Structures are given as structure tokens and as C-alpha cells.
Protein chains: 2
Amino acid sequence: MGKQETRDRIVEKADDLFYQQGFEKTSFADIADQVGISRGNFYHHFKSKDDILTAVIDRRMEKTKGMLKDWERETQSPAERIGCYIQILIANQAKIRLYGCPVGTLTAELSKLDHLAQEDAARIFTLFRNWLKRQFQQMGFTDRADEHALHIVGRSQGVATLYQAYKDDTYLNKEVQDMKSWLATLTA
Amino acid sequence: MGKQETRDRIVEKADDLFYQQGFEKTSFADIADQVGISRGNFYHHFKSKDDILTAVIDRRMEKTKGMLKDWERETQSPAERIGCYIQILIANQAKIRLYGCPVGTLTAELSKLDHLAQEDAARIFTLFRNWLKRQFQQMGFTDRADEHALHIVGRSQGVATLYQAYKDDTYLNKEVQDMKSWLATLTA
DNA sequence: TTTTTCATAGGACAAACGTCCTAACCAAGG
DNA sequence: CCTTGGTTAGGACGTTTGTCCTATGAAAAA
């Protein structure tokens, strides 16, 4: 197997495990089991666990960029695009129920560990933030575009956290609806 | 030193460390160093690490109950009491900046670990939820009291998460103000 | 004073951790 | 064919983990 392929599979499985178990809890043995390679072989691809974390964050960045591009292609208006963002809570409902928001839980964990990569993880938030900001700007909100962007990112985070805690579908749907109403009244 | 005193000091320090570093990351050695006792001595007070976690959650429950009682004593109206809750974000600003919300981050971590105590941790949320619900009921919201309670708990969570990620004081203040405005329009 | 109780220290224990080394393997190039 | 380059498996390493055992010391009970 080529080097790149193995590397990609390591990053993919590490990504899943970091999300499902947390970074600290996930060991090389866990990742090796999932990928199907030996423990010692890791250091031919990554020089440390932190190195894998960096690769995982890069991967999430790229995947997020791709998703945002997809949304732009699939929609007609900026308001509709913001709707796509709000809708992730529903689209990823099953995973959020178990593991929370991948971005929020990782930044929180890395922040506690005082890990250097915390800022990198927060950049995924920034990706959404700036993209949403652009949508609000296109809607005509020149001054408060960034403020609105942060607002719905924050609210989504809160909903994800509480949904993970309570696993209450009614709450999730209600809040998603509420955010969409907020967006609608903003437009009007 | 009496048994109860040592036990209390262990729980107190463990509480801090679980908050600051996370449960998984915190070892017996960490706690022992903070308390100033030997590692082996732990098992005279707790039979496992999970046992300490249970004690820490109990402690947080009691402290939360005390805080809610304080708020009831210090205030005149239910709306003012809800204001106290919103204000925690400001009161605990310095800690939230570094470690996030103690309740939200713990439940998220335990949920990923598939830990039995996850439900116990979520009960601290319920403490706030039911208390807020009662305040909303006293304000006259009979039907939507619980809904409103969950709403502001969720929003606070989101603000805490994003504040921990960005450490942006302007955002924090803006969102706190926004929640207070929401409360005010609800009253009107 | 002698005896008993019990909180404590310190180390043993196996397992797991991240890291590193080396020998075997296999495909491509000569 | 043989040689080379790089991917791989497997295990060694020192450390740290949660857990447990035992001897010590001091205070309380006799």
C-alpha cells in the first residue's frame, strides 16, 4: 500500500476516534486497531500524537470548506445558505446526540489541556463564522454581519451541548425552528 | 486530621482539577500533589476514581443548590432571579475563558467516555432548569416555562463554548445583553 | 500504662501509555 | 538475476496509570 493511502486511513480513523472518545482518551493502540496496522508503524507517518492531531484538524478544515462550497452550489440565496448551517443540527442529530459538536468539544478539550493546537481547532469555528458573515453581508447587514454570524454559531453550540446532555428531540427541533424564525424576522 | 476533613479536601481539589484539566486527564498523582497526601492513601477514602467523580458531582450539586438559594434571598422578583443566572457568564468570566462551563464540559466528556455518571452530571443542568422553570412560572408562563428555561440554559452554554474558543469579551457582553433583552421583551 | 483503632506513607503490581529501534518484507530499477 | 528504497510488524524502552498491600505512627480507649 502507498504511503499516502495509509496516512489518509490513519487520519480518517483518528478523526472518528477523537470525535467519539476525545483526544486524550484515544491511544495509538485504538487507532492502530481501527486502521489495522501495527503500533510501531505510526512513526513512519507521524512523528507524534500531536502530529496526528494537526493532520486531523487539517482534514476537518478541508471537509468543512468542501461542505460550505456544496451549500453554495445547492442554494439560491444567502438566507437559504444560513438555513443549511442551522440544519446541520438535524442532519447530524444522531452523532451529536452521542458525541456533541465535533468542533466545540475538541476546542473545549484542547483548551483544558492547554494544547497548542487549540487555536487551530478554533479556526474551524472561524471558517463557519466568516462564511456566515459573508452571507449576512449579502443579505444587506453590513455592520452587524459578524455579530449575527457569531450569534448563530453560539446558539448552535448551546443546542448541541444540551441535546447531548438530555437527548431530547423536542428541544432540538424547537430550537432549530426558533433559530429559523429569528433568521426570518431578521430578513423582514 | 479527621477522616471527613481529608475526604473533603480530596473532593475539593479533585473538583478543581476535573474542571481545569478534564476528568480523564486528571490522575491520582495530580490530586495527591494538590492535597498533599500520598497516592496509596486514596483508597482509604474512595474505592476508585469513579467514586471520587461521584463525590465531585455531589459536591457540585450541593454548591449549586446553595447558590440558587442565595439568589432567592438576594432578589425581589423572578425576572431578577433569571437575571442572576444570565449574569453567571460575567461573574465566572475568567474561569469560563480558560475552562468553559463546568457543567457543560463535564457532561460532554462523560458522554464521550460513555460513563455511567453522565446522567448524574446532567442532573446539575436539571437543577438550573427546574429552578428557572419555577421562575418563569411565577412570571405567569404556565405553558412555556420549561421551554424558556431550557432556552436560556442552552444559550448560556453556547456563549460559554464560543467564549472559551475566542476569548472575545465583546462577544460575551453582547450576548449577555441580548439574553437580558430577550427576557425583558418576554415580560412586556 | 497498655492496648486498640485507624489515618497515613510508601511501595508493589500489572497494564497501558507514547516513543523509538530493528529486522523482515516487497516492489521497482538495475 | 540481484540490489536498492521504503513500508511494515513486532517488540523494547522508560514512564505513568489505577489499584492494592502492608508497615508505621499517633491518637483514643482500656
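Nothing here was measured: the structure is a model prediction, and the numbers come from that model. Each chain gets a letter, A, B and so on, in the order its sequence line appears, and its residues count up from 1. These numbers come from the heavy atoms of this one structure, side chains and all, not from hydrogens, waters or symmetry mates.
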### Query
According to a strict under-4.0 Å criterion, is A/T6 in side-chain N/O contact with OP1 or OP2 of D/dT7?
no
### Query
Would a line drawn from the ring center of B/Y85 to the ring center of B/F128 be shorter than 6.0 Å?
yes
#### Entry: Nearest-angstrom distance from the residue atom NZ of B/K3 to C1' of D/dA28
16 Å
#### Entry: Residue whose closest nucleotide on DNA chain C lies nearer the 5' end, A/K25 versus A/K47
A/K25
### For atom NE2 of A/H44 and atom P of D/dG10, their distance in whole Å
17 Å
#### Entry: Ring geometry between A/H115 and A/F23 (parallel below 30°, tilted from 30 to 60°, perpendicular above 60°)
perpendicular
### Task
Send over the distance from A/I52 CD1 to C/dG18 C1', rounded to a whole Å.
10 Å
### Query
What class does the angle between the rings of A/F125 and B/Y166 fall in, given that below 30° is parallel, 30 to 60° is tilted and above 60° is perpendicular?
tilted
### Phosphate-side-chain proximity, A/S48 and C/dG18, N/O vs OP1/OP2 below 4.0 Å
no
### Task
Rounded off to whole Å, could you give me the CG-to-P distance for the B/D33 and D/dT16 pair?
11 Å
### Query
For the residue pair A/W182 and A/H151, does the interplanar ring angle fall in the parallel (under 30°), tilted (30 to 60°) or perpendicular (over 60°) class?
tilted
#### Entry: d(CG, B/N41; C1', D/dA23) in whole Å
14 Å
### Query
Nearest to the side chain of B/Y43, which nucleotide is it out of D/dC20, C/dG10, C/dT19?
D/dC20
### Query
For the pair made of CZ in B/F23 and C1' in D/dT17, what is the distance, rounded to whole Å?
13 Å
### Message
Counting only side-chain nitrogens and oxygens, does A/S27 get under 4.0 Å of the OP1 or OP2 atom of C/dC17?
### Response
yes
### Summary
To the nearest angstrom, the CZ-P distance between A/R39 and C/dT19 comes to 14 Å
### Task
May I have the distance from B/F28 (atom CZ) to D/dG18 (atom C1'), rounded to whole angstrom?
6 Å
### Message
If the cut-off is 4.0 Å, is B/H45 near the phosphate of C/dT8, judged by side-chain N/O to OP1 or OP2?
### Response
yes
### Task
Consider the side chain of B/K49, meaning its heavy atoms from C-beta on, and name the nucleotide among D/dA9, C/dT19, D/dT19 that approaches it most closely.
D/dT19
### Message
Measuring centre to centre across the rings, with the benzene-like ring taken for any Trp, is B/F28 within less than 6.0 Å of B/Y43?
### Response
yes
